[in-house]
*Asks:* 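Below is a structure I'd like to ask you about.
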Amino acid sequence: MRDDDRGRRGGVRAMTRRNARKAWIALADGTVFEGCAAGADGETTGEVVFTTGMTGYQEVLTDPSYCGQIVVMTAPEIGNTGATTEDDEAGKPWVAGFVMHELSPMASNWRSQETLDAYLRRHGVVAIDRVDTRALTRHIRDHGAQAAVIGTSSPEALVAKAKAAPSMAGQDLTGAVTTREPYVWAEGAGVWHVPEGEPTRHVVAVDFGVKKNILRCLVDHGCRVTVVPATTSAKDILAHDPDGVFISNGPGDPAAVAHGIETVRELVGQKPLFGICLGHQMLALALGGKTYKMKFGHRGLNHPVKDLATGRVEITTQNHGFAVDAESLAGKCDVTHVHLNDGTCMGLEHRDSGAFSVQYHPEASAGPHDARYLFKRFVSRMDSAKR
Ligand SMILES: NC(=O)CC[C@H](N)C(=O)O
């Protein structure tokens, strides 16, 4: 019997553990996977997606791009290295829910401050483990990302809620995750690269759900960073007198972030501009391009991307469910990078202004550092513009 049939017929093997409450994750298409309640008590709804990253479960939990999403970890053992606030990519977890094969009951790591279960409970994250995450992942790959509910009531009740839940398409979730007030960020990564001397470029980063390590990378590359709320106007951004503007990653459907697209449209050509992930999609939309929703997206730490200028292949960190239709920007933008698994547009450069962006995450966190050169490219654009 195929794995996902087991899920569909409800005959899934219940991998229970001592005194854990039975729980289920129910999908909008009626599929149900059984497991054990973990993390915070309660019920949660979101778009169920999977990530194949073997490491970085805390960076996943706290990436604001996952707001509104229930994340399935394909790595079977989660929590082995516990949790430490040093690895948070935001002030708190943003996932709507968390699905694991096994939540490790113990942590072995000198940096750990608490077990992952304690961290999930402390932050109110509803989770489920002892799930057949291989079968669930194959189901999402074959049938697409969709609304889902984690809970302990009953499979039937949870399926009904999943069917009634909204699709991710059309949702602007940036308002939930953005900073309320501007702030200055001055922390570098420290362990990898200590910036020489005083920062010599001022970057305004528009926070649509920015990951902390992007800000650390900008500081490590000699930038002073002012982070501003997602709703900041182009005029107010330029009033900070930046040498360059960064458009951040973030959750939800890029086409729904109308105010952000307008702001980016007004900024193009004013200052050197660099966008990552949602920022890449918003730059495309601001230039009159189109985006589309992928079947299940790219989420993991080993995605091969080809730099078309050099022919070099970089292994990248990815977390996106929408993508840019490169054809819609023909004549305006050059495609600079492509995904080698499926040809998805991974990078753009605007011919007139030099504004550039990538769909993937050069800051890694977690993942490989192959694409760090893009921060150097942004810095050199700012330095050239100042000359
Ligand atoms: N990491 C991101 O910025 C994600 C962008 C967008 N929310 C998507 O899913 O495609």
*Asks:* Assess whether a salt bridge exists between Glu349 and Lys332, defined as any Lys/Arg side-chain N lying under 4.0 Å from an Asp/Glu carboxylate O.
*Replies:* no
*Asks:* Taking the side chain from Thr178 and the backbone from Ala230, do they hold a donor-acceptor pair closer than 3.5 Å?
*Replies:* yes
*Asks:* List the steps and the verdict of side-chain hydrogen bond (donor to acceptor under 3.5 Å, both in side chains) for His240 and Thr226.
*Replies:* CA-CA 8 Å; His240 285 277; Thr226 302; 4.8 Å; no
*Asks:* Does any part of the side chain of Thr51, heavy atoms only, come nearer than 4.5 Å to the side chain of Tyr66, both counted from C-beta?
*Replies:* yes
*Asks:* Set out, in order, the CA-CA distance, both residues' side-chain angles and the distance that settles side-chain contact (heavy atoms from CB on, under 4.5 Å) for Ser112 and Thr84, then state yes or no.
*Replies:* CA-CA 5 Å; Ser112 177; Thr84 164; 5.9 Å; no
*Asks:* For the backbone of Gly170 and the side chain of Asp253, can you confirm whether one donor and one acceptor N or O come within less than 3.5 Å of each other?
*Replies:* yes
*Asks:* Between Asp307 and Tyr373, what is the shortest heavy-atom contact and its length?
*Replies:* OD2-OH, 3.5 Å
*Asks:* Measure the NE2-CG distance between His303 and Leu301 for me, rounded to the nearest 0.5 Å.
*Replies:*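 Reported value, rounded in 0.5 Å steps: 8.0 Å.
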*Asks:* Would Val210 end up clustered with Val204 when hydrophobic side chains under 4.5 Å apart are linked, directly or stepwise?
*Replies:* no
*Asks:* Quiz question: by atom type and distance under 3.5 Å, do the side chains of Asp342 and His298 form a donor-acceptor pair?
*Replies:*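 His298 and Asp342 do have a side-chain donor-acceptor pair below 3.5 Å.
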*Asks:* So, taking the atom named CE in Met282 and the one named OG1 in Thr291, what distance separates them when rounded to the nearest 0.5 Å?
*Replies:* 10.5 Å
*Asks:* Should we say atom CG of Asn341 is surrounded by more than 12 heavy atoms from elsewhere, each under 6.0 Å from it?
*Replies:* yes
*Asks:* Under the side-chain hydrogen bond (donor to acceptor under 3.5 Å, both in side chains) criterion, do Asp29 and His139 qualify, and how do the steps go?
*Replies:* CA-CA 10 Å; Asp29 68 5; His139 186 84; 2.7 Å; yes
*Asks:* So Ile247 and Val245, do their side chains get closer than 4.5 Å, heavy atoms only?
*Replies:*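 Heavy-atom side-chain distance check passes, below 4.5 Å.
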*Asks:* Kindly say whether Val49 contributes a backbone atom to a donor-acceptor pair with the side chain of Gln69 at under 3.5 angstrom?
*Replies:* no
*Asks:* Please evaluate residues Ser65 and Asn249 with respect to the criterion side-chain hydrogen bond (donor to acceptor under 3.5 Å, both in side chains), reporting the C-alpha separation (whole Å), side-chain torsions for both, the decisive distance (0.1 Å), and the verdict.
*Replies:* CA-CA 7 Å; Ser65 310; Asn249 62 295; 2.9 Å; yes
*Asks:* Do His280 and Phe356 have side-chain heavy atoms sitting under 4.5 Å apart?
*Replies:* no
*Asks:* Considering residues, nucleotides and ligands other than Lys306, do more than 12 of their heavy atoms fall under 6.0 Å from its NZ?
*Replies:* no
*Asks:* For a quick test of reading the model, state the closest non-hydrogen atom pair linking Cys67 to Leu173 and the distance between them.
*Replies:*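 Closest approach of Cys67 to Leu173: O-CD1, 3.3 Å.
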*Asks:* Looking at side-chain heavy atoms only, is the closest gap between Asn302 and Thr52 below 4.5 Å?
*Replies:* yes
*Asks:* As an exercise, state the distance from CD of Glu262 to CZ of Arg265, rounded to the nearest 0.5 Å.
*Replies:* 5.0 Å
*Asks:* Whether the side chain of Thr44 engages the backbone of Ala96 through a donor-acceptor N/O pair (distance < 3.5 Å, no angle test) should be reported.
*Replies:* yes
*Asks:* Let me check something: do Leu285 and Leu278 share a hydrophobic cluster, defined by ILVMFWY side-chain heavy atoms less than 4.5 Å apart, either directly or through other members?
*Replies:* yes
*Asks:* State, to 0.1 Å, how close Ser365 and Glu59 come at their nearest heavy-atom pair, and which atoms those are.
*Replies:*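 The answer is O-CB, 3.4 Å.
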*Asks:* Is it the case that the side chain of Thr179 and the backbone of Pro182 share a donor-acceptor pair, with hydrogens and angles ignored and the cut-off at 3.5 Å?
*Replies:* no
*Asks:* State plainly whether one hydrophobic cluster holds both Phe378 and Met346, where clusters connect Ile, Leu, Val, Met, Phe, Trp and Tyr through side-chain heavy atoms under 4.5 angstrom apart.
*Replies:* yes
*Asks:* Could you give the distance from SG (Cys277) to CD (Gln359), rounded to the nearest 0.5 Å?
*Replies:* 4.5 Å
*Asks:* Are more than 12 heavy atoms from other residues, nucleotides or ligands located less than 6.0 Å from atom CE of Met294?
*Replies:*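 Yes, enclosed.
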*Asks:* Indicate the atoms forming the closest heavy-atom contact of Ile214 with Ile276, along with that distance.
*Replies:* CD1-CD1, 4.0 Å
*Asks:* With salt bridge (charged side-chain N to carboxylate O under 4.0 Å, His left out) as the criterion, how do Arg121 and Glu114 come out once you've worked through the C-alpha distance, each side chain's angles and the decisive distance to 0.1 Å?
*Replies:* CA-CA 11 Å; Arg121 289 175 186 279; Glu114 59 191 316; over 6 Å; no
*Asks:* Provide the closest heavy-atom pair for Ala162 versus Ala148 in the form atom of the first, atom of the second, distance.
*Replies:* CB-CA, 4.1 Å
*Asks:* Kindly say whether Gly82 contributes a backbone atom to a donor-acceptor pair with the side chain of Tyr57 at under 3.5 angstrom?
*Replies:* yes
*Asks:* Taking a hydrophobic cluster as the set of Ile, Leu, Val, Met, Phe, Trp and Tyr residues connected by side-chain heavy atoms closer than 4.5 Å, whether directly or through intermediates, do Leu267 and Phe246 fall within one such cluster?
*Replies:*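 No.
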*Asks:* May I ask you to establish whether Lys22 and Trp24 are in a cation-pi arrangement, using a distance under 6.0 Å from NZ or CZ to the six-membered ring centre and at most 45° from the ring axis?
*Replies:* no
*Asks:* Is a salt bridge present between Lys386 and Asp243, judged by a nitrogen-to-oxygen distance below 4.0 Å?
*Replies:*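 Counted as a salt bridge, because a side-chain N and a carboxylate O are separated by less than 4.0 Å.
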*Asks:* Return the minimal non-hydrogen interatomic distance between His221 and Cys217, and the atom names on each side.
*Replies:*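 Shortest heavy-atom separation between His221 and Cys217 comes out as ND1-O, 2.7 Å.
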*Asks:* Do the ring planes of Tyr360 and His337 sit parallel (below 30°), tilted (30 to 60°) or perpendicular (above 60°)?
*Replies:* perpendicular
*Asks:* Does the distance from a Lys or Arg side-chain N to an Asp or Glu carboxylate O, for Glu314 and Arg312, drop under 4.0 Å?
*Replies:* yes
*Asks:* Set out, in order, the CA-CA distance, both residues' side-chain angles and the distance that settles side-chain hydrogen bond (donor to acceptor under 3.5 Å, both in side chains) for Glu89 and Asn213, then state yes or no.
*Replies:* CA-CA 7 Å; Glu89 282 300 307; Asn213 214 47; 5.4 Å; no
*Asks:* Rounded to the nearest 0.5 Å, how far apart are NZ of Lys212 and OG1 of Thr62?
*Replies:* 8.0 Å
*Asks:* State whether a side-chain donor-acceptor pair under 3.5 Å links Ser104 with Asn80.
*Replies:* no
*Asks:* Below 4.5 Å, heavy atoms only, C-beta onward: do Leu308 and Val335 meet side chain to side chain?
*Replies:* yes
*Asks:* Any side-chain heavy-atom pair from Pro304 and His339 closer than 4.5 angstrom?
*Replies:* yes
*Asks:* Taking Val149's backbone N and O only, do any of them form a donor-acceptor pair with Thr45's side chain (distance below 3.5 Å, no angle check)?
*Replies:*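 The answer is no, because no donor-acceptor pair under 3.5 Å joins these two groups.
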*Asks:* Is any side-chain N of the basic residue among Lys161 and Glu43 closer than 4.0 Å to the acidic one's carboxylate O?
*Replies:* yes
*Asks:* Could you check if a side-chain atom of His101 sits within less than 4.5 angstrom of a side-chain atom of Asp132, using non-hydrogen atoms only?
*Replies:*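 No, every pair of side-chain atoms sits at 4.5 Å or beyond.
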*Asks:* Below 4.0 angstrom, N of the basic side chain to O of the carboxylate: do Asp383 and Arg201 qualify?
*Replies:* yes
*Asks:* Taking Gly39's backbone N and O only, do any of them form a donor-acceptor pair with Asp117's side chain (distance below 3.5 Å, no angle check)?
*Replies:*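 Present.
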*Asks:* Looking only at atom types and distance, does a side-chain atom of Thr137 sit under 3.5 Å from a main-chain N or O of Thr133, one as donor and one as acceptor?
*Replies:*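 Yes, the answer is positive, given that a donor and an acceptor are paired below the 3.5 Å cut-off.
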*Asks:* Extract all donor-acceptor atom pairs below 3.5 Å that involve side chains of residues 321-329 and protein atoms in other chains or at least two apart in sequence.
*Replies:*
unit_1: Asp325; atom_1: OD1; unit_2: Glu327; atom_2: N; d: 3.0
unit_1: Ser328; atom_1: OG; unit_2: Lys290; atom_2: N; d: 2.8
unit_1: Ser328; atom_1: OG; unit_2: Asp325; atom_2: O; d: 2.5

*Asks:* Is a donor from one side chain sitting under 3.5 angstrom from an acceptor on the other, for Arg21 and Thr152?
*Replies:*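 Note: Arg21 and Thr152 side chains meet the donor-acceptor criterion.
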*Asks:* Can you find a pair of side-chain heavy atoms, one from Arg224 and one from Leu218, that are under 4.5 Å apart?
*Replies:*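 No. Closest side-chain heavy atoms not under 4.5 Å.
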*Asks:* Quick check for you: to the nearest 0.5 Å, what is the distance between Arg377 atom CZ and Phe274 atom CZ?
*Replies:*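 Arg377 atom CZ to Phe274 atom CZ measures 8.5 Å (nearest 0.5 Å).
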*Asks:* Check whether Val268 and Val206 end up in the same hydrophobic cluster, where Ile, Leu, Val, Met, Phe, Trp and Tyr are linked by side-chain heavy atoms less than 4.5 Å apart.
*Replies:* yes
*Asks:* For the backbone of Ser380 and the side chain of Ser384, can you confirm whether one donor and one acceptor N or O come within less than 3.5 Å of each other?
*Replies:*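 Between the backbone of Ser380 and the side chain of Ser384 there is a qualifying donor-acceptor contact (under 3.5 Å).
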